[in-house]
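Take a look at the structure set out below.
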Amino acid sequence: MLELLQQLTFLERGIAAGLLIGFISPLIGAFLLVRRMTIISEGLSHVTLTGITAGVLMTQTTVLFAGVNPLYMGLLFSLAGSLLIEKLRQVYQHFQELAIPIILSAGVGLSAVLISMTQSSYTEWYSYLFGSIITVTLNDLIFIFVTGIAAMIIVGLFYKELLSISFDQEFAVTSGISVKRINFIFSVLIALVISMSMKVVGILLVGALITLPVAAAILFAKSFRHVLILGILFGEAAVLGGVISSYYFNVATGGMIVAAGIFILVSAAFVRKLMDLSAKRVRKEQLS
């Protein structure tokens, strides 16, 4: 596997990373949609940015961390942020929505402070914020594949538990499922997806890739399984369209992926409207 990844060109690395991200992000987005927690991706992305800036600063100022990929620090901060959100939701039981803006604000503030202390160029921060296929290195691709595979294994092992807690937490408790343990696992899962996505999609736009394909899928899906399948298909289409167009038009990868996702969502809404109008027309004809 490593030899195969080493033979890829920079464009092929970007596409390979994007396809894996396009598969995993809507998968997690479907669970977040059911839980009505899609906004959590925005808070964690900013915490991840704090980790990235801390990692960059450490590589510049500490010999021990020289050459260490800042993505690793971003993953650690994302894990810590997801666990802290879960803890804050327990503290503010009647105002659980407060947890995410608290984490988001802390992430933005700390990121601004740390960025001002680094010596990195505008181009480097631009790629982290908005994504870039030409900056995906072999180490980045390996990181994305390892975290992506880990995320898929977690979903495969705990699919039934995650589904039960997402739809009916009280029923899950009576069924003997450890809600606290599964919520911890789900927090780890979200952190993995956020950290693996930021290099291609960008920290500020990763939430869109988690949300947009699922928003389009729910217009047609008749079950949760359909939401997963359609969400993944729409996610892959958005990534492929965005990555290829960003390369040829020389624009930000993350922006084009989001633009493709918006186009898919608008198209899906238009088709859904036509289907509803057609169904109404058929019913009228049958009644008459």
Side-chain angles (χ1 to χ4, degrees), residues 15 17-46 97 100-101 104 129-131 133 151 155 162-163 166-167 189-190 193-194 196-198 200-249 251-288:
I15 292 175
L19 287 175
L20 184 58
I21 292 167
F23 181 91
I24 300 292
S25 295
L27 186 66
I28 305 307
F31 286 102
L32 289 174
L33 176 70
V34 173
R35 289 183 170 213
R36 290 174 170 80
M37 289 175 58
T38 51
I39 193 64
I40 194 175
S41 59
E42 300 296 336
L44 285 181
S45 63
H46 288 78
E97 67 278 4
I100 296 173
L104 191 151
L129 292 174
F130 300 105
I133 56 173
V155 172
L162 289 169
L163 192 63
S166 297
F167 277 98
L189 191 59
I190 299 171
V193 174
I194 295 292
M196 69 179 280
S197 304
M198 57 190 165
V200 174
V201 185
I203 293 170
L204 297 182
L205 302 173
V206 64
L209 187 57
I210 291 175
T211 305
L212 291 176
V214 179
I218 203 172
L219 294 174
F220 302 102
K222 296 181 180 179
S223 67
F224 184 76
R225 191 178 297 273
H226 287 164
V227 173
L228 291 178
I229 295 172
L230 289 175
I232 290 170
L233 291 176
F234 290 148
E236 296 287 30
V239 167
L240 277 176
V243 168
I244 294 173
S245 58
S246 70
Y247 172 73
Y248 285 107
F249 292 109
V251 293
T253 307
M256 289 305 297
I257 290 175
V258 173
I262 293 173
F263 175 78
I264 290 172
L265 177 59
V266 172
S267 300
F270 180 71
V271 172
R272 179 74 262 179
K273 185 68 174 179
L274 291 179
M275 291 173 62
D276 290 341
L277 291 174
S278 177
K280 288 181 180 180
R281 189 179 300 112
V282 170
R283 285 197 294 270
K284 286 183 179 179
E285 291 176 354
Q286 291 175 344
L287 291 174
S288 61

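Bear in mind that the values here come from a model prediction, so they are computed numbers and not experimental data.
When all heavy atoms are compared, the tightest approach of Leu189 to Ala151 is CD1-O, 3.4 Å. Counting all heavy atoms, side chain and backbone alike, Val227 lies closest to Ala30 at CG1-CB, 4.0 Å. Minimum heavy-atom separation, Gly235 to Leu209: O-CD1, 4.4 Å. The minimum heavy-atom distance linking Pro26 with Ile21 is given by the pair CD-O, 4.1 Å. The shortest non-hydrogen separation linking Ala260 to Gly242 is CB-N, 4.2 Å. In terms of heavy atoms, Phe234 sits closest to Pro213 at CD1-O, 3.7 Å.
Note: Phe224 CZ to Ile218 CD1 = 10.0 Å, rounded to the nearest 0.5 Å. Atom CZ of Phe23 and atom CG of Leu228 lie 9.0 Å apart (nearest 0.5 Å). One distance of note links CG of Leu240 with CG of Leu19; it measures 5.0 Å at 0.5 Å rounding. Interatomic distance, NZ of Lys222 versus CG of Leu230, reported as 11.0 Å (0.5 Å rounding). Atom-to-atom distance recorded for His226:NE2 and Ser223:OG is 4.0 Å, nearest 0.5 angstrom. To the nearest 0.5 Å, the span separating OG on Ser267 from CD1 on Ile262 amounts to 11.5 Å.
Put simply, the side chain of Thr211 never gets that close to the backbone of Ala208: no donor and acceptor are under 3.5 Å apart.
Taking 4.5 Å as the limit, some side-chain heavy atom of Phe220 sits within range of a side-chain heavy atom of Val271. In this structure, Val258 and Leu212 have side chains that are in contact, with non-hydrogen atoms separated by less than 4.5 Å. In this structure the side chain of Ile190 reaches within 4.5 angstrom of the side chain of Leu32, judged on heavy atoms.
Annotation for Phe270: atom CZ does not count as buried by contact number, only 12 or fewer foreign heavy atoms lying within 6.0 Å. Counting heavy atoms of neighbouring residues, nucleotides and ligands inside a 6.0 Å radius, atom CZ of Arg272 exceeds 12 of them. Heavy atoms of other residues, nucleotides or ligands lying less than 6.0 angstrom from CZ of Phe263 number 12 at most.
Ion pairing of Lys280 with Asp276 is absent here, as no side-chain N (NZ or NE/NH1/NH2) approaches a carboxylate O to less than 4.0 Å.
Screening Val206, Ile210, Ile28 for a side-chain contact (heavy atoms from CB on, under 4.5 Å) with Ser197, the sole residue that qualifies is Val206.
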Quick one: do Val243 and Met256 satisfy side chain to side chain contact (heavy atoms under 4.5 Å, CB included)? Show the steps, please.
-> CA-CA 7 Å; Val243 168; Met256 289 305 297; over 6 Å; no
